[in-house]
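Following: one structure in C-alpha cells, then a few remarks.
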Protein chains: 2
Amino acid sequence: MDITPFLNRNLDSPLYQQLYRYFKENMHRGRIQKGMKLPSKRLLANQLSISQTTVERAYEQLAAEGYIVSKPRSGWFADYHDSDFAYAYDRMPSTTPIQQEAEENKQWIDFHYGNVDSSYFPFSAWRKSMVNSLDQYGHELYRPGHVLGEFELRTLIAEYLYQSRGVHCGPEQVIIGAGNPILLQILCQVFEPNISIGYEDPGYPRARKIFEANRMNIVPIPVDDEGICIQKVKEQQPNLVYVTPSHQFTLGTIMTINRRIQLLKWAAENQSFIIEDDYDGEFRYTGQPVPSLQGLDQHNRVIYMGTFSKSLLPSLRISYMILPSPLLKKGHEITSLYKQTVSCHSQLTLAEFIKNGEWQKHINRMRKLYRKKRAIVLEAVQRELGEHVRIRGENSGLRILLDVYLPFGEKELIEKAKKHGVKIYPVSLSYQNHPPTKTVSLGFAGVSESDIREGIKKLKAAWKI
Amino acid sequence: MDITPFLNRNLDSPLYQQLYRYFKENMHRGRIQKGMKLPSKRLLANQLSISQTTVERAYEQLAAEGYIVSKPRSGWFADYHDSDFAYAYDRMPSTTPIQQEAEENKQWIDFHYGNVDSSYFPFSAWRKSMVNSLDQYGHELYRPGHVLGEFELRTLIAEYLYQSRGVHCGPEQVIIGAGNPILLQILCQVFEPNISIGYEDPGYPRARKIFEANRMNIVPIPVDDEGICIQKVKEQQPNLVYVTPSHQFTLGTIMTINRRIQLLKWAAENQSFIIEDDYDGEFRYTGQPVPSLQGLDQHNRVIYMGTFSKSLLPSLRISYMILPSPLLKKGHEITSLYKQTVSCHSQLTLAEFIKNGEWQKHINRMRKLYRKKRAIVLEAVQRELGEHVRIRGENSGLRILLDVYLPFGEKELIEKAKKHGVKIYPVSLSYQNHPPTKTVSLGFAGVSESDIREGIKKLKAAWKI
DNA sequence: GGGTATTTGTCCGTATGTATG
DNA sequence: TCATACATACGGACAAATACC
C-alpha cells in the first residue's frame, strides 16, 4: 500500500487531512479491515518524508471520529463499527438534479413583491452581533430556550412596537415564531375549529389557505378605500377578522382611523377578535402615521402580528405576534406544544443587533432607500405609461398596483411583459373567486434604481403604448 | 485546577494576558509552588479550546518576567524567587464570582430526559462554520431560500442517513423544519383529516397532542418487548401508524427486525403509511444495528423523521423528515404554505459543520460519553438499589426506566426523590389513560458522572432501601 | 528463559504562515 | 503596520510493549 502519490503538498487541504481521508476511504472500501494494524507513525512518516506529528494528527482525527483506536506502545488499529458505514458505498442513491427550476439567469427585471434590496444590509454589524451573542451566551444555548422566545428579544420587541407603532404590551404577550405562517397556524389552534373568520377580499392568499387548512369557515369581506367594509362585517358577524390595516395586502390602502375605531367597537361589542397583520408596517410614505389597531384597542380584542422578514433578512425567519390577555393562557399552551421554532442563537443575535441600535439604523436607511425607489417608480410610470394606467396603493409598503386601461387582461399584460424581460405579477389570486382584472402588481424593493426605470420603459414597449 | 471560568473572550484584555495573570496570581498565592510543572501547552490549549500559540504567549511573558523557565522537551516549570512577590499584591481582588449561579442550580440533580451534556460541544468549530458560511454565502441570504431547506444541507442529510441508518432517499425527499412538532404538523395536513392513526401506547405525548389537535382519530396500540403489536394493528387497520422503532419513546425497547418486516408488510398490503420517528437513533449501545424501517421498506410506505436537537444543540431547532414518493407532491405543497421555518444561515452553518467532519466527530464523541454515563448509571443502580428495582430500556437512547418494587406509586417515588434533591420523572403520562405505575424515568445525558452516582445514592436514601 | 535492542505511541517545545481588525 | 489568535508542520525525549538473541 503506497500512499505517496495521494499526498500533495500543493493542494489546499493540509497533509494530515489528505492522510485522514485516505485511510477513511480505504476503510469504507474494505481495503482496511476491522482490527487491522495501521502503519506506525514513524514508518509512515519516514516513507512519506513527513513529520511524525503530521501522521499523528491524522490518526488522532480518525480516532476522534471513532474509526481507529490506539494501543499504547503497540500500534493503531482499525476499530470502526460496521454500523458507521454499514450501508455506505454499495451504491449511493443518485442525487436527482432538481435545480433545473433555477431557470436561466436571463437578465430578468423582476418586480416580485417578496424581494428586498440586499445591497444595504449591514453585514459586518450583523456578523458582530452574531459572534458576540455566541461568545456571550454560549453555554445558555443548551437550554431548550423559552417556548415563547428569549425574554430579552421579547422585551426589545415590546419596546420597539410601543415606540414605533403604539402597540401596548408586555414581553409575556409576545410570541416569537419562525415566520408569519407558523404563528397563524398556532393562532388557528388557539381558537375552536369551525369558527367563522372574516377575510379581506382581496387579501393575503397564504393566510386564507392556512385558515382553510384548519377548517375555518371563511367569510370574504369586501374592501373599499378606507379599508375593510364594516357594514359587511356586521352583517356576517364572524367570530374573528383578519385584516392588514397599515397596508392592505393587495390594494395597498391604509385603513382610516374612523374605520379602525368602528372595527374595534364592533369587536368589543361582539366579543370577537381581530388579527392585525402588520407585515410591512415599517414603510409608509405620506400622511400622518395611523396608530395600530392594537394601540387603539381598549378591550383586549386585537392580536398583532409582525415580522423581520421584510425589514431585515427574508431568510432570517423571525416573526412575532402579540396576544391579548384573554388569549394568553391558551396561546401559551398551544405554543409550548410546538416548542419555540426559532433557534436561541438567532434570537439572541437579533436582540444584540437591536440593542446596539443597528436595527433602528437599518430601518431608517431602508425607509429612505425605498422612499427614493418609490419616487422613481412613480415618476417613471407617470412619464412612460401616463394616461394608460392608474396607480394604486402607493402610500405605503413596497409595491404599487397598476390598473391598466388597455384591451388586455391581467394574464396578457403579464405575458407581454415577460417577453420583454420584465416580471410583473397578478392580483386576481388574492381574491376569493379569482375574478378577471386589468390590474398588475409591481414590487420595487428588490429592483435597482436603473432597472426600475428600464423596466417601466420595457413595459411601455411590451404593451405598445 | 480548572481555568475555564477565568477566561473570557469578551473582556478587553487578550486571552494570553488573562492566562498570564491567572498563573502569576496562583504562584503568588502559593497554589503553584516553586519547581512545579505547569500544564503543557497542548494540554492547556485543548482544555481551554484556544490555540497553543496563545498559551505560549502567556508562558513567554511569564518567562520573560522570570517566573517560569522552559526545559526543552520536558515542560515549563515555576522558577520564581519569593522576593518577586514581596511587595506586590498585598491582597489580590477575589477572582470573579462567576460560578455562583451554577452552585445554586447544583442543588438539584435533574434526570430530565430533555437535557443534554453541553460541556463537550465544539464551540469554536461551530463558530467557525457560522462565520465561514456567512462570509461565503452572504448575499444568498437574501433569497427567501428553498422552501424544503437549502439543497446543500438536504444533500448532506440524505448522505448521512444513508450511511448511518440505511435510509434511502434523494435530497428532494428531505424537508427541513424548525423542530419535530412543526414537521408533524405539516405531515398531519398532508393527510386527510379524520383518518385514523395507530399510536404506540405508551408513546410520545407531544405527538399525540398534535394528532389530536389535527382531529385525527387516535388508535392506541400496545407495545411489547419486540415493539408495537402487529396483531392489534391488523385488528384496528389504521390509515397511518406512528412508531419510534429505534428506541421506543417510553419503554426504550428496540423494535426487532421481524416486527419491522411484519409492520412493513402490513403497510404495503393496506396502502397505509408508517411514520418512523428516529428522534435519538444516534445512540445505541448493544447488539447489531437494526436497519431503519425506511431502509427496509420496498414499497414507499415510510416517512422517516430525525432531528439535530438531541445530538447537537437542543436550542438549534433543526429537524428533518424524509417523505416517500407518493407523498412528495402534497408534502411540498403543504410545506410551501408555511415556507421554510429554519433560517438560511442556520442551515448553511450546519451544512458547513457537517462538511468539515465536525458533525461526525461530535456524534462519535457524544456516543462515547453517553455510553460511559450509561455504564455508570447502570452500575450505580445495580449497586445502590439492587433487587428493589428492575432496569428497562437500557439498550439505546439517553434514559433508562426503573420499575420499583416498593410499596409506593410513581407519584410518591418522585416526591420522595424531590425531597432529597433529585428530580426524576413519571412515565404514566405517556399512556393513553395515565394508568398508575411503579415506574420512573431517568434521563442521564445531562447529568455529570459524579452527580449520577450521587443521585442514585440519594434515591436509595429517599426510598429508604 | 531472561536480558536487551528495537519498535511504538505519547508528550513536549518550537517555527512558520495566515486571518482578522 | 501591529497585535492577537489560530493552523499547520517539525523534530526530539521518554517509557512501555514487543521481538529477538
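Below, read A as the first sequence line, B as the second, and so on, with proteins coming before strands; counting in each chain starts at 1.
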Nearest to the Tyr16(A) side chain among dT10(C), dT4(D), dA9(D), which nucleotide is it? dA9(D)

Ion pair Glu152(A)/Lys355(A), N-O distance below 4.0 Å: yes

I need the OH-P distance between Tyr20(A) and dT8(D), as an integer number of Å. 14 Å

I'd like to know if Lys372(B) pairs up with Glu449(B) as an ion pair, taking the criterion as any Lys NZ or Arg NE/NH1/NH2 lying under 4.0 Å from an Asp or Glu carboxylate oxygen. yes

For atom NZ of Lys37(A) and atom C1' of dT7(C), their distance in whole Å: 9 Å

Nucleotide dT20(C), atom C1' - distance to NZ of Lys128(A) in whole Å: 12 Å

OP1 or OP2 of dT7(C) sitting under 4.0 Å from any side-chain N/O of Ser40(A)? no

Are Lys24(A) and Tyr67(A) in a cation-pi contact, defined as NZ or CZ under 6.0 Å from the six-membered ring centre and within 45° of the axis? no

For Lys71(A) and Thr54(B), take the nucleotide of DNA chain D holding the closest heavy atom to each; which residue's nucleotide lies nearer the 5' end? Thr54(B)

Check: Ser74(A) side chain, dG9(C) base, donor-acceptor under 3.5 Å: no

Over how many whole Å does the gap from Lys41(A) atom NZ to dA15(D) atom C1' extend? 13 Å

Looking at Thr53(A), does any N or O in its side chain come under 4.0 Å of the phosphate oxygens OP1/OP2 on dT8(D)? no

Using only atom types and a distance under 3.5 Å, with no angle test, would you say the side chain of Arg154(B) pairs donor to acceptor with the backbone of Ile176(B)? no

How many whole angstroms separate atom CG of Asn46(A) from atom C1' of dT6(C)? 14 Å

With a 4.0 Å limit, can you tell me whether Ser51(B) has a side-chain N or O closer than that to the phosphate oxygens OP1/OP2 of dA5(D)? no

Rounded to whole angstroms, how far apart are CG on Leu44(B) and C1' on dC11(C)? 15 Å

Who passes side chain to side chain contact (heavy atoms under 4.5 Å, CB included) against Glu60(A), sequence neighbours left out? Glu56(A)

Distance check needed: dA5(D) P versus Glu60(B) CD, whole Å only. 13 Å

dT10(C), dT20(C), dC10(D): which one has an atom nearest the side-chain heavy atoms of Arg127(A)? dT20(C)

OP1 or OP2 of dG9(C) under 4.0 Å from side-chain N/O of Arg42(A): no

Please tell me which of Gln52(A) and Arg73(A) maps to the more 5' nucleotide of DNA chain D, matching each residue to the nucleotide holding its nearest heavy atom. Gln52(A)

Among dT8(C), dC12(C), dT8(D), which nucleotide sits nearest the side chain of Pro14(A)? dT8(D)

Both Trp76(A) and Gly75(B) contact DNA chain C. Which one's nearest nucleotide lies toward the 5' end? Trp76(A)

Nucleotide of dC11(C), dA9(D), dT8(D) approaching Arg57(A) most closely (side-chain heavy atoms): dT8(D)

Under 4.0 Å, heavy atoms only, any strand: does Tyr59(A) hit a base, just the sugar-phosphate, or nothing? nothing

If you draw the axis of the six-membered ring of Phe283(B), does the NZ or CZ of Lys310(B) fall within 45° of it and under 6.0 Å from the ring centre? no

Integer-rounded Å distance: dG9(C) P and Ile68(A) CD1: 10 Å

